[in-house]
Amino acid sequence: MQIYDSVQKKKLTFSPIVPNKASIYICGPTVYDDAHLGHARSSLAFDLLSRTLTSHGYEVTLCKNFTDIDDKIIKKVEETGKSMEEITSFYIDRYLSEMTALGIQRANIEPKATESLDAIEAMIQKLIDKDIAYVISTGDVYFDTSKDTHYGNISHRVADDEDSQSRVEHTTEKRNPKDFALWKACKGEDDICFDTHFSRGRPGWHIECSAMIEKHFTGNGEYSIDIHGGGADLLFPHHENEAAQSRCATGHELAKYWMHNGFVQIDGEKMSKSLGNSFFLKDALKLYDGEILRYYLNSIHYRNDFNFSEEELQLNKKRLDKLYRLKKRLMPGKASLPNKTFKKLLLDDMADDLNISMALAHIDEMIATANDTLDNNPKDKGFKKETLANIEFIDEILGFGGKEPFSYFQIGVDDALKEKVETLIEARLEAKKNRDFSRSDAIREELTALGISIMDTPDGTLWEKS
RNA sequence: GGAGCCAUCGCCAAGUUGGUAAGGCCGUAGAUUGCAAAUCUGCUAUUCACCAGUUCGAGUCUGGUUGGCUCCUCCA
């Protein structure tokens, strides 16, 4: 298994801390608003990683956090008058249900910042005790970046005089311009804050992840976890700071491998809330089935930027349709075992830093070969069972193709339409039987107008929503 | 201004350690079909933004040019 490490900037052979086990930590969302396609892509990328490792026989422990203490959340509390808990639990629930719609498997551990305050406080205290962190007069706690000789190793950022951590929040008490806040003391009476030995306040963003990792993973004395993942925008400062905190607090490195996914772009620009060009998942899921979105968003390599377009999505649906048309031909039936060669191809493709394009190409070839075999020998039961097993394996490792094929082609069709379609098809069959082709063609046109396409097979007429 | 990523057929997109360009869509010819649709088969980049270099050999390495994107502020 080869994965690309974004710190060393090359593919490395995955060699976990504990043989046959993989520990992964993914930076999850800050829950103050709806998730957009960018969040989906990141989740999808690491879902693919987790599934791939599992398929290769690793026992995967996936941890994905929720940042539920944050300035933006507090702002939302002030704006809406709702409680912080109300807001965060609403967005967490929505996030989880949207991710489920995309076929993303739940993480084994889903910690929240509010539930990790003990670990956060302990880590900050440790850093203060070592004089790596310091408390200023306001009660804010800062990390002294000059104490960490490896600071900059993650993002390869060279030291400069500019205050890269905070252009807005200047304080003269910082020892170095690059120092960043571990803890922000509360300022007003109504602030949302928590008591600690050093001050009453709330955690900075970076420390949350470091503390949660230390809380949930033991590591091996050299690293805490195998893989740390997240969006490419988190490389600096978030992951740089996480790495520094953990290194200084624990004496060992945070993660053995770092993986970062590319962005979703709209018209060539990064999709982000601050740019206001977000395509929210809740809206996308109203328009398209989750499985198609999954297929499309995962169709290009996770490290590349992804330019979203509805036309491309439709083209990808066509490609997925082919898999389901083949599946229709295999029904009803029971899966046996997947073809060994095919299974190995997919495993090898994905073992190469998740080369999904190669895997999809191999799937297309499998589909064509299978259709050809079935054209020549429609009754080959053993082959049908094996092919069905191939599709089950695709679903296992890539997370699509698992639906019942007839219902796949009827997504969005209500019972009334379904009944109408079936009546029309029967009438058309009757007309065909009487060789009344002008009538049967007229019925076909009527169906087309309803958005239904039909196909005659030896076993009868099948229909799909086009 | 500093750091980095990317540039492959009309469109999307792969290309292990340099060895002679996957796959999908579209198009096209055919098989099949009452006609379609679906399915299958054939064809569809002597060429990888541009220029120079290293090499027996480069899309793949080096240097430069142009264009696009990202990070340096919250961000998946």
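Every chain is numbered from 1, with letters handed out A, B, ... down the list of sequences.
- Across all strands shown, B:C74 forms no Watson-Crick or G-U wobble pair with both distances under 3.5 Å.
- Residue A:K403 qualifies as enclosed at atom NZ: its count of foreign heavy atoms under 6.0 Å is above 12.
- Considering only heavy atoms from C-beta on, A:I24 stays 4.5 Å or farther from A:M259 through its side chain.
- In this structure, the CE atom of A:M455 is 13 Å from the P atom of B:C40, given to the nearest Å.
- Distance CG (A:D267) to P (B:G68): 15 Å, rounded to an integer number of Å.
- The closest side-chain heavy-atom distance from A:I207 to A:V141 is not below 4.5 Å.
- Going from the C1' atom of B:U44 to that of B:A21 covers 14 Å, rounded to whole Å.
- Distance from the side chain of A:H36 is smallest for B:A76 among the nucleotides B:A36, B:A76, B:C74.
- Across the protein-nucleic acid pair, A:L374 atom CG and B:U39 atom C1' stand 10 Å apart, rounded to whole Å.
- Spacing between B:U65 and B:G15 at atom P, rounded to whole Å, works out to 28 Å.
- Residue A:G229 is out of contact with every strand shown, counting any heavy-atom pair closer than 4.0 Å.
- Remark: the separation of the C1' atoms in B:U28 and B:C69 is 36 Å, to the nearest Å.
- Between A:F437 and A:R303, the residue anchored closer to the 5' end of RNA chain B is A:R303, taking for each the nucleotide with the nearest heavy atom.
- Outside the 6.0 Å centre-distance limit, the rings of A:Y142 and A:F180 are not counted as a close aromatic pair.
- Distance NZ (A:K270) to P (B:C6): 18 Å, rounded to an integer number of Å.
- Residue-environment remark: CD (A:E422) exceeds the threshold of 12 foreign heavy atoms within 6.0 Å.
- With both pairing distances under 3.5 Å, B:G34 is matched to nothing as a Watson-Crick or G-U wobble pair.
- For the C1' atoms, the distance from B:U16 to B:A31 is 39 Å, rounded to whole Å.
- Here B:C69 is the nucleotide among B:G34, B:C69, B:U39 with the atom lying nearest to any side-chain atom of A:Q265.
- Of the candidate nucleotides B:C40, B:A37, B:G34, B:C40 has the atom nearest to the side chain of A:D375.
- With sequence neighbours left out, the side-chain hydrogen bond (donor to acceptor under 3.5 Å, both in side chains) criterion links A:D283 to no other residue.
- As judged by a 4.0 angstrom heavy-atom cut-off over every strand, A:S440 is placed among the base-contacting residues.
- Across all strands shown, B:A14 forms no Watson-Crick or G-U wobble pair with both key distances under 3.5 Å.
- Out of B:U70, B:C72, B:U39, the shortest distance to the side chain of A:F236 is found at B:C72.
- Within 4.0 Å of A:R325, counting heavy atoms only, lie sugar-phosphate atoms of the nucleic acid but no base atom.
- Across all strands shown, the partner of B:G4 is B:C69, judged by Watson-Crick or G-U wobble contacts whose two distances both fall under 3.5 Å.
- For the P atoms, the distance from B:G18 to B:C61 is 9 Å, rounded to whole Å.
- Remark: P of B:U8 and CG of A:N304 are 11 Å apart, rounded to the nearest angstrom.
- Toward the 5′ end of RNA chain B lies the nearest nucleotide of A:T369, the other residue of the pair A:T369 and A:T30 mapping further downstream.
- Among the heavy atoms of the strands lying under 4.0 Å from A:D372 are primed sugar atoms or P, OP1, OP2 only; no base atom is included.
- Between B:G24 and B:U70, the two C1' atoms lie 28 Å apart (nearest whole Å).
- Protein atom CD1 of A:I300 is 11 Å distant from nucleotide atom P of B:C12, rounded to whole Å.
- In this model, no donor atom of one side chain and acceptor atom of the other lie less than 3.5 Å apart for A:Y25 and A:E242.
- Backbone-only engagement by A:G230 is indicated by non-hydrogen atom pairs under 4.0 Å involving sugar-phosphate atoms exclusively.
- Distance CG (A:L429) to C1' (B:G34): 14 Å, rounded to an integer number of Å.
- With a 3.5 Å ceiling on both atom-pair distances, the Watson-Crick or G-U wobble partner of B:C61 is B:G53.
- The partner of B:C48 is absent, by the rule that a Watson-Crick or G-U pair needs both atom distances under 3.5 Å.
- B:A76 and B:A13 have their C1' atoms separated by 22 Å, with the value rounded to a whole Å.
- Remark: A:D348 engages A:K344 in a side-chain contact (heavy atoms from CB on, under 4.5 Å) (not counting sequence neighbours).
- Within the nucleic acid shown, A:A45 has no heavy atom closer than 4.0 Å to any nucleic acid atom.
- The C1' atoms of B:U20 and B:C5 are separated by 28 Å, rounded to the nearest whole Å.
- The base of B:A3 does not come close enough to the side chain of A:R157 for any donor and acceptor atom to sit less than 3.5 Å apart.
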Problem - Sequence-aligned protein contact record of nucleotides 19-33 of chain B, with B where the base is within under 4.0 Å of a protein heavy atom and S where only the sugar-phosphate is - result: ---BSSSS-------

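- Residue A:N316 places no side-chain N or O under 4.0 Å from the OP1 or OP2 atom of B:A13.
- In this structure, A:S272 reaches the bases: a heavy-atom distance under 4.0 Å links it to at least one base atom across the strands shown.
- Between the P atom of B:A37 and the CG atom of A:D441 lies a distance of 12 Å, rounded to the nearest Å.
- Nucleic acid contact for A:R444: base, since at least one base atom lies under 4.0 Å from a heavy atom of the residue.
- Checking B:C74, B:U39, B:C35 against every side-chain atom of A:N371, the shortest atom distance belongs to B:U39.
- For the pairing with A:R428, the side chain to side chain donor-acceptor pair (under 3.5 Å) check across A:D456, A:D436, A:T423 returns one residue only, A:D456.
- Ring pair A:Y296/A:F306: centre-to-centre distance below 6.0 Å.
- Set against B:G34, B:A14, B:A37, the side chain of A:R435 has B:G34 as its closest nucleotide.
- If you check B:A29 for Watson-Crick or wobble pairing at under 3.5 angstrom, you find it paired to B:U41.
- Defined by atom type and a distance below 3.5 Å, a donor-acceptor pair is present between the side-chain atoms of A:S43 and A:Y95.
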